[in-house]
Peer 1: 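Structure incoming, see below.
All heavy atoms count here, side chains included; hydrogens, waters and symmetry mates do not. All figures in this text were calculated on a predicted structure; none of them were measured in a lab. Start at 1 and go down the list; that is how both ligands and their atoms are numbered.
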Amino acid sequence: MSHKQPTLYIVVPCYNEEAVLAETAKQLSAKLQELVQKKQIHSDSKIMFVNDGSKDQTWSKICDLHKKNSDIVGISLSRNRGHQNALLAGLMTAKTRADSVISMDADLQDDINVIDQMLEKYQDDAEIVYGVRSSRQKDSWFKRTTAEGFYKFMKLMGVDVIFNHADYRLTSRKVLDELEKYQEVNLFLRGIFPLIGFKTEVVYYERKERFAGESKYPLTKMLSFAWDGISSFSVRPLRIIAILGVIMTFISAIILLYSLIVNILGNTVQGWTFTVCSIWLVGGLQTLFIGIIGEYIGKIYNETKARPRYCVSEDLQKQESDAK
Ligand code: UDP
Ligand code: MG
């Protein structure tokens, strides 16, 4: 099944982006026109800027752009809610008007020329197409190392993320309808999409430098984002505590044996054996007990999320009756 000229929305969250907006709008609009001309997308396609409570002229610039160019639309949030929430707001608004939605940052660090490929994969029935950075040569050494470390650490902590994929992706309306069912407050979208499933594809591109303005993700924000990702997707840290507890209790048995031998050989101070053994045993047991409590908290945590447990991707009967 291939989609006939889908209506595409490009959703762009913007926080204090007055320096980049005009250029971004120009390039994206040219791209949109090119795709319409090539009949790859429907002429109703739009670029949707999401103003995330900016403190500068971002919103009035978006309004101006909209007046001059009908390709451009915008929504504005009541206050700054952060990148992920702004993106969600844009995706949820766009999904009622579009067949497929591409999300990208305002700074054009993501190569807009891979949109063609994303659309091709979408035509080949992919429901999610992830944009993956093939290299980060243009990022500073620091940004590159911390960012790549972040993906590796996430994997280690049991969070399923696509390596070097940020929030540049195409999603079909079907996927966004599923996303709507995820009611979590601590949003980490790039962890949720792999959970949703469906047929997915990947396109590669080189990440460029920000052409104007400053990064809105300083180290502190990146760290808290990383921790949100782990703590909203994984109870593995709790499991690690429980395992540590078992290991420490086990070590305490070895220490007991060792200190008994030293004691029998007679070269210890009075009371040493008892002290050493208690420290290890009590420490080990405490850690183990905290770990066990943690396991239960982990269960509560997963239950309170009340995430959908499955999603039916196809229903032959329904398709038949719909066809009638
Ligand atoms: N952003 C947002 N709200 C925020 C912070 C950032 O909407 O509170 C947007 C920002 O305007 C940009 C995107 O999120 O379009 C990514 O930010 P940035 O490019 O500064 O991050 P970096 O690429 O440096 O990681
Ligand atoms: Mg950026």
Peer 1: Is the distance between the ring centroids of F193 and Y130 under 6.0 Å?
Peer 2: no
Peer 1: Below 4.0 Å from any atom of ligand 1, is there a heavy atom belonging to R207?
Peer 2: yes
Peer 1: Should the pair K61-E17 be classified as a salt bridge under the 4.0 Å nitrogen-to-oxygen rule?
Peer 2: no
Peer 1: So, of the N/O/S atoms that D107 has, which is the nearest one to the Mg ion (ligand 2)?
Peer 2: OD2
Peer 1: Taking atom CZ of R144 as the centre, report whether more than 12 heavy atoms of other residues, nucleotides or ligands fall under 6.0 Å from it.
Peer 2: yes
Peer 1: Please classify the L87 to ligand 1 contact at 4.0 Å (heavy-atom distances, strictly less than): side chain, backbone, both or neither.
Peer 2: neither
Peer 1: Validate the cation-pi geometry between K155 and Y151: distance from NZ or CZ to the six-membered ring centre under 6.0 Å, angle to the ring axis within 45°.
Peer 2: no
Peer 1: Got an N, O or S from Q109 under 2.8 Å of the Mg ion (ligand 2)?
Peer 2: yes
Peer 1: Atoms of ligand 1 less than 4.0 Å from K221 heavy atoms?
Peer 2: 5 (C), 8 (O)
Peer 1: Looking at atom 1 (N) of ligand 1, what's its closest protein heavy atom, distance included?
Peer 2: Y15 CB, 3.7 Å
Peer 1: So with a 6.0 Å cut-off around CZ of F211, is the heavy-atom count from everything else above 12?
Peer 2: yes
Peer 1: Which atoms of ligand 1 are found less than 4.0 Å from any heavy atom of S215?
Peer 2: 20 (O), 21 (O), 22 (P), 24 (O)
Peer 1: Would you say K299 has more than 12 foreign heavy atoms packed within less than 6.0 Å of its NZ?
Peer 2: no
Peer 1: Would you say E214 and ligand 1 have an N/O pair spaced under 3.5 Å apart?
Peer 2: no
Peer 1: Starting from atom 21 (O) of ligand 1, what is the nearest protein heavy atom, named by residue and atom, and what distance separates them?
Peer 2: Y217 CD1, 3.2 Å
Peer 1: If you define the side chain from C-beta out and look only at heavy atoms, does anything of L238 sit under 4.5 Å from Y301?
Peer 2: no
Peer 1: Go through ligand 1 atom by atom and flag the ones less than 4.0 Å from a non-hydrogen atom of K216.
Peer 2: 5 (C), 6 (C), 18 (P), 20 (O)
Peer 1: Once you measure the plane-to-plane angle for F188 and F225, does it fall in the parallel (<30°), tilted (30-60°) or perpendicular (>60°) bin?
Peer 2: tilted
Peer 1: What residue and heavy atom of the protein are closest to atom 11 (O) of ligand 1, and at what distance?
Peer 2: E17 OE2, 2.6 Å
Peer 1: Side chains of Q123 and P6, heavy atoms from C-beta outward: is any pair under 4.5 Å?
Peer 2: yes
Peer 1: I'd like to check which ligand 1 atoms, numbered from 1 as shown, lie under 4.0 Å from a non-hydrogen atom of C14.
Peer 2: 7 (O), 11 (O)
Peer 1: Looking at W280, I'd like to know if its CH2 atom is crowded, meaning that more than 12 non-hydrogen atoms belonging to other residues, nucleotides or ligands lie closer than 6.0 Å.
Peer 2: no
Peer 1: How does M222 reach ligand 1, by side chain, by backbone, by both or by neither, if only non-hydrogen atoms under 4.0 Å count?
Peer 2: neither
Peer 1: Where is the nearest protein heavy atom to atom 19 (O) of ligand 1: which residue, which atom, and how far?
Peer 2: D107 OD2, 2.6 Å
Peer 1: Looking only at protein heavy atoms, which one is nearest to atom 25 (O) of ligand 1, and what is the separation?
Peer 2: K143 NZ, 3.0 Å
Peer 1: Give the residue and atom name of whichever protein heavy atom lies nearest to atom 18 (P) of ligand 1, and the separation in Å to one decimal.
Peer 2: R210 NH2, 3.4 Å
Peer 1: Do NZ/NE/NH1/NH2 and the carboxylate oxygens of E178 and K174 come within less than 4.0 Å?
Peer 2: no
Peer 1: Write out the residue and atom name of the closest protein heavy atom to atom 3 (N) of ligand 1, then the distance separating them to 0.1 Å.
Peer 2: D52 OD2, 2.6 Å
Peer 1: Could you find the nearest protein heavy atom to atom 8 (O) of ligand 1 and give me its residue, atom name and distance?
Peer 2: N80 ND2, 3.2 Å
Peer 1: Using a 3.5 Å cut-off on N or O atoms only, is P13 in polar contact with ligand 1?
Peer 2: yes
Peer 1: Are any of the side-chain nitrogens in K208 or E206 under 4.0 Å away from the carboxylate oxygens of its partner?
Peer 2: no
